[in-house]
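The next block holds one structure in the form of structure tokens; read it before the comments.
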Amino acid sequence: MTTPAAVIPPQRVKDCARKHAYDFEAVRQDFPILRQIVHGRPLVYLDNAATAQKPRCVIEAERRLYEEYYANIHRGVHDLSMKCTEAYDAAREKVRRRLNAAQAEEIVFVRGATEAVNLVAGSYGRSRVGQDDEILISALEHHSNIVPWQMLCEEKGARLRVIPMFETGELDLDALDALLGPRTRLLAITHVSNALGTVIPVREIVARAHARNVPVLVDGAQAVPHAMIDVRDIGCDFYVFSGHKAYGPSGIGALYGRRELLEAMPPYQGGGNMILSVTFEKTIYNEVPYRFEAGTPNIAGAIALGAALDYVESLGLDRIIRHEDDLMSYATDSLSSVPDLRIVGTAREKIGVISFVLEDIHPHDIGTILDHEGVAIRSGHHCAQPVMQRLGLTATARASFGLYNTREDVDALVGGIQKVIEVFA
Ligand code: PMP
């Protein structure tokens, strides 16, 4: 599938990235929101793990759609509907390429990582998990990769088991083989921890699970924005992510599923688009991936997500990775030099996220004072309460990085933390 030239001139993405070899001023110009002044200070946005800001080409992609070729997809024979369908299909192809899936039919558009996990739990899980079966997750999961499995286990009388973690934020993989038992029906595991930034060796874990015939779902919500993803190399059966953390809009994301698994799965929701024919006696379901996309989908979201993926590609994901690597090392060194600051999560491999606490100062106070310095970070349990419980904390402050952050942003963060310490001195 190619980008419909009549609808989305390829020049647009080039204009947006302007071929700069990671010229920060130019990259930052691509993100209008970053020019903002907050409490009289230039905005330093370090809350990328919650959601990333959008380049102008993503905003433009939605505006152009609604101004120039918007219609409902798949059902129309008129010009606008065909153009719009072509752009929607092209977006699916862009997601396929980004994940290196074998076929575009293996990509299902969903609302985000949360809906993708619920889809797999509700369809694959419901049809394969029974009384006394087990679902295996890890101690590092986001709530969205815990609760849907808990709900499934409750419904079926199955058991949720958990790969434990060390204080460092790394998983105890020696425990994995013992946890992969004859009743394990699925392993659902994060690729990168949103609370601590730990990178999980998913390729090795998939190999070990597959050796026991256990399929694996990988939650890539925090990996896709920062890393090259190759679902065939990882070998996983399902991979999920959200568009909004990867510079795309909110309300759109994708589920990758191996075709033979998707084809064997019952529908998740019923409605238009997911059927081939309907009578009151019987409905014949559509092919994958349409079988899992009931109703009018988030057309604009998918198309704009495609623009976001193009944007990242035009900057060069390898360059982004090198840059963010440098930023993580710089930030780790800078924060380590702050007295009374403790970095939470010291795994050997981390991306995107640094969690920390300051002795005797609540993370919410850190966040509030930093906000007054123009620095946006997050404080709380990061929708990963079991991680906090394991570490004996209720909350951390979390700085998280994106492709537009600079060493100066890290300096502003450290300067802001000095202010916090002064206020509480
Ligand atoms: N998994 C991880 C690791 C996440 O960080 C998040 C978002 N914080 C999610 C899943 C859920 O993503 P969403 O809310 O976009 O569905």
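For reference, positions follow the sequence shown, starting with 1.
Looking only at distances, no side-chain donor or acceptor of Glu373 sits under 3.5 Å from a matching main-chain atom of Ile369. At distances below 3.5 Å, not a single donor-acceptor pair connects side-chain atoms of Arg398 with backbone N or O atoms of Arg378. Checked by atom type and distance alone, the side chain of Ser242 pairs as donor or acceptor with a backbone atom of Ala113 at under 3.5 Å. Side chain of Tyr45 to main chain of Asp47: a donor-acceptor pair is present (N/O by atom type, distance under 3.5 Å, no hydrogens or angles). A donor-acceptor pair under 3.5 Å is absent between the side-chain atoms of Ser250 and the main chain of His244, judged by distance alone.
Looking only at side-chain heavy atoms (C-beta outward), Tyr330 and Leu335 stay at 4.5 Å or farther from each other. Under the 4.5 Å side-chain criterion, counting only non-hydrogen atoms from C-beta, Lys156 is not in contact with Gln131.
Of the residues listed (Lys94, Arg97, Arg98), the one engaging Glu313 in a salt bridge (charged side-chain N to carboxylate O under 4.0 Å, His left out) is Arg97, and it is the only one.
For the ring-ring contact (aromatic ring centres under 6.0 Å, His included) test, no residue two or more places apart in sequence or in another chain qualifies with Phe280. Every residue meeting the side-chain contact (heavy atoms from CB on, under 4.5 Å) condition with Ala347, not counting sequence neighbours, appears here in chain and number order: Glu170, Thr198, Lys350. Tyr124 is linked by a ring-ring contact (aromatic ring centres under 6.0 Å, His included) to Phe238, counting only residues two or more places apart in sequence or in another chain. In this structure Thr332 satisfies the side-chain hydrogen bond (donor to acceptor under 3.5 Å, both in side chains) test with no other residue, sequence neighbours excluded. Scanning for ring-ring contact (aromatic ring centres under 6.0 Å, His included) contacts around His226 gives an empty result, with sequence neighbours left out.
Remark: Arg322 does not engage Asp326 in a salt bridge, criterion side-chain N to carboxylate O under 4.0 Å.
Under the 3.5 Å distance criterion, with hydrogens and angles disregarded, a donor-acceptor pair is assigned to the side chains of Asp237 and His210. Checked by atom type, the side-chain pair Asn48/Ser400 shows no donor-acceptor distance below 3.5 Å.
Taking every heavy atom of both residues into account, Cys153 and Arg159 meet most closely at SG-C, 3.7 Å. Looking at every heavy atom in both residues, His382 comes nearest to Ser355 through NE2-OG, 4.1 Å. In terms of heavy atoms, Val353 sits closest to Ala49 at CG2-CB, 3.9 Å. The two residues Arg319 and Leu315 have their closest heavy-atom pair at NH1-O, 2.7 Å.
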Criterion ring pair (Phe, Tyr, Trp, His ring centres under 6.0 Å) on Tyr285 and Tyr290, from CA distance to verdict: CA-CA 9 Å; Tyr285 302 130; Tyr290 311 110; over 10 Å; no
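Taking a 6.0 Å sphere around CZ of Arg111, one finds it holds 12 or fewer heavy atoms contributed by other residues, nucleotides or ligands.
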For residues 261-271, which side-chain donor-acceptor pairs fall under 3.5 Å, sequence neighbours excluded?
from: Glu263; atom 1: OE2; to: Arg259; atom 2: NE; distance (Å): 3.0

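A distance of 5.0 Å separates CD in Glu141 from OG1 in Thr190, rounded to the nearest 0.5 Å.
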